[in-house]
Amino acid sequence: EGRTNGGGTGTTRYATLTHGIGPVSVRGGYTDQAQESDDIRARRVFQRAWNAGSTYLYGGATSSLVLQYDFTDNRRDAGDVLTDVAQTHAANASGGKRLSPRTDLNLNYSIRRTRTRNRVEQSFSDNEGALLFNYAPSPPFRVSTGGGVRTARGGPSQDLEEYLLLSASA
């Protein structure tokens with residue numbers, strides 16, 4: 001005896017809140033979803049997620065800065081058992097400074113830390129960042145130099161690579 005058409009009911013609820021004061025904004029949210037089967041032998045599936053974060057913005061005549069942080073937590077239950085968890089912390093910083101009409105300096109850095117758990121717990125960290133110096137002696141000539149870091153994964157290992165660059169264009 002089998003069923004060819006499974007039926008059920010799904011319910012989704014969500015709430016978000018954002019608020020800004022001057023250069024700072026904060027945000028948060030919550031979502032949950034329940035899936036109930038018409039078959040009493042089937043497990044109820046329940047998912048919930050919440051997040052929170054903040055951003056700072058600065059803009060001056062010759063400089064700018066953006067700082068941002070976010071946290072997310074996702075959970076999934078099947079029946080009365082917690083089956084999956086994923087949590088993420090993410091932070092970003094970006095900025096620039098015009099040093100003269102011909103030169104500028106730019107910074108960008110991001111880090112993300114992720115933790116997952118179902119049958120096995122795993123953690124990952126991702127880094128990406130660069131600092132660049134640009135010089136334009138006269139159009140269309142431009143020289144850029146800088147360096148940075150980035151996460152590289154190969155199989156189970158994770159390394160932080162560093163690099164330097166020099167670029168010229170005309």
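Numbers here are sequence positions counted from 1.
Side-chain atoms of Y69 and H89, non-hydrogen and from C-beta on, do get closer than 4.5 Å to each other. Taking 4.5 Å as the limit, every side-chain heavy atom of T114 sits out of range of all side-chain heavy atoms of Q122. Residues N127 and Y109 form a side-chain contact, since some pair of their non-hydrogen atoms from C-beta on lies under 4.5 Å apart. Using a 4.5 Å cut-off on side-chain heavy atoms (C-beta onward), L131 and L105 make contact. Looking at heavy atoms from C-beta onward, V24 lies in side-chain contact with S54 at the 4.5 angstrom threshold. Contact of the Q47 side chain with the D84 side chain is not registered, since no non-hydrogen atoms from C-beta on lie closer than 4.5 Å. In this structure, the side chains of T88 and R112 come closer than 4.5 Å at one or more pairs of heavy atoms.
Sorted by first and then second residue, the salt bridge (Lys or Arg N to Asp or Glu O under 4.0 Å) pairs involving residues 88-99 (not counting sequence neighbours) form an empty list.
Looking at every heavy atom in both residues, S125 comes nearest to T151 through O-CG2, 3.5 Å. Of all heavy-atom pairs between G146 and L132, the closest is CA-CD2, 4.1 Å.
Remark: of the listed residues D32, D77, D73, D77 is the sole one forming a salt bridge (Lys or Arg N to Asp or Glu O under 4.0 Å) with R48.
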Could you please spell out the steps behind the side-chain hydrogen bond (donor to acceptor under 3.5 Å, both in side chains) verdict for D104 and N106? CA-CA 7 Å; D104 62 65; N106 296 291; 2.9 Å; yes

